[in-house]
Protein chains: 2
Amino acid sequence: MQYRIMFEQDPRNKQRRRAPSARSLQTRARILDAAERIFAERGFEGASVRDIAARAGVPAGLVHHHGGGKAELFRRTVARRADELSALRLGALETCRAAGPLTLSAVLTAFAGPFFHQVRQGGPQWSAYARLVAHVSADPRWRPIAAECFDPTAARFIDEIAALFPDADRQRIATGLVYSVAAMLAHLTSGWRVGALDGSGGEGATDLDRLVAYCAAGIEAAIHCAGKSE
Amino acid sequence: MQYRIMFEQDPRNKQRRRAPSARSLQTRARILDAAERIFAERGFEGASVRDIAARAGVPAGLVHHHGGGKAELFRRTVARRADELSALRLGALETCRAAGPLTLSAVLTAFAGPFFHQVRQGGPQWSAYARLVAHVSADPRWRPIAAECFDPTAARFIDEIAALFPDADRQRIATGLVYSVAAMLAHLTSGWRVGALDGSGGEGATDLDRLVAYCAAGIEAAIHCAGKSE
DNA sequence: GTCTATATGTAGATAGAC
DNA sequence: GTCTATCTACATATAGAC
């Protein structure tokens, strides 16, 4: 039998609550799923709390109750899968390291692969999440959210790349990773564009290997480029 | 707020009008400038016609009169500089061609350079325009606008690159250009990110040469990569 | 073309019953 | 926790005087 041991000494923990019921957790998950879809589809302002509530099948008041307001709901929606994604990325990195000496392509595959795989195999919610991240990434207003959710892991991968190129300027590596993230998000969200521009309209454009090849060659070139500043 | 997004593209709706007065043209330009700033800053739904009117220094009614409604105003705002940008890009391409045999780097410089230069030298309106284009590019709802404003020129540059690599799969080239556009927009809009991730907070991250080096190497790698599909 | 006033709908948020 | 009803603010859009 398990029961809760609680201490009341710490005033900061005064707002500790009972463990949420299974129903409550389910409701929260439904709301987050709905928010993920609607925010991804229409952006922050384009989405309405009412529409999110309707998709989740709950009254609008519950969305405020569980989400903490629209802006906080947005932040929580981004943060939820960011934690999972970071764990997958760091796990992939360690798996690569255990398999042998790291290469730039391996590091980039560890970075992009998990997101890529989840979008392809993880169901429509992950596909929506990719579009949501693209919104966050494209809009400087969400910089605090991006910093909270993605910067620590990004910095970790910059460290790994920097270790592979000891003489490289760290800023160039960071720039290269920013470009690569942009390319990755373009891939994950804009398959239509690849098809439309070359007239084939085909589906076969999503290819992790080619994305990694692009990013790895690009980063190496950016590191070694002697380009002058304007 | 949610509503239908519609565009006035039907040629049957064309009526012949008198030549607009100088004052009218000036008012239209002020409204487009204001819309460019506000749409870039807050996205389509986050922007309000009232805020645009306030920034332009005109009554809100005039924005509707000249802009044709919010959605149509958005489309016109994107299209205005797109025409100028396309002309600059195609001009740069012909200048390069006249100077000697084209290279991939030269083609990419002709593509990215004019936008890059306008953002750096063309004043705050061009900087806002880059953020606006990033919004358009990140949101599939604006696909019709992107197709109208950017696809013809993009297809032209794909042709040029395809001519340089006669044996290359055209779809791979298109994919590489999509990645490169994403990287270019990330560069033009997210200087903060480059600084924040490597801890320097510096400004010197904008460098056309390095961007082109990144994109050129990436595209070549994507073309030649033997990567299997998943 | 310009500007004021206003029509009409919807937004986020909350109070309070259950 | 859940849900109904509602408050207040602000959105787009237009009618009509000048």
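Small disclaimer: the values here were computed from a predicted structure and weren't measured. Protein chains get the first letters and strands the later ones, always in sequence-line order, with residue 1 at the start of each.
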- Task: Could you tell me whether B:A47 contacts a base, only the sugar-phosphate backbone, or nothing, with contacts defined as non-hydrogen atoms closer than 4.0 Å?
- Result: sugar-phosphate

- Is the shortest side-chain N to carboxylate O distance from A:E160 to A:R156 below 4.0 Å? yes

- Query: Think B:H64 has a side-chain N or O under 4.0 angstrom from the OP1 or OP2 of D:dA13?
  - Reply: yes

- Could you tell me the separation between the CD1 atom of A:I38 and the P atom of C:dA11, rounded to a whole number of Å? 11 Å

- Message: Mind checking if B:S21 touches a base, just sugar-phosphate, or nothing, with heavy atoms under 4.0 Å?
- Response: nothing

- Query: Which whole-number value in Å describes the distance from A:I31 CD1 to D:dG1 C1'?
  - Reply: 11 Å

- The side-chain hydrogen bond (donor to acceptor under 3.5 Å, both in side chains) partners of B:D83 (sequence neighbours excluded) come to none

- d(CZ, A:R50; P, C:dT10) in whole Å: 10 Å

- Task: Answer yes or no: is there a side-chain heavy-atom contact under 4.5 Å between A:S180 and A:I219?
- Result: yes

- Item | Phosphate contact (D:dC10 OP1 or OP2) by B:S48 side-chain N/O below 4.0 Å | no

- Query: In whole angstroms, how far is the P atom of D:dC10 from the CZ atom of B:R42?
  - Reply: 13 Å

- Below 4.0 angstrom from OP1 or OP2 of D:dT14, is there any side-chain N or O of B:H65? no

- Do B:F39 and B:Y129 have ring centroids that are under 6.0 Å from one another? no

- Message: In whole Å, I'd like the distance from the CG atom of B:D51 to the P atom of D:dA9.
- Response: 17 Å

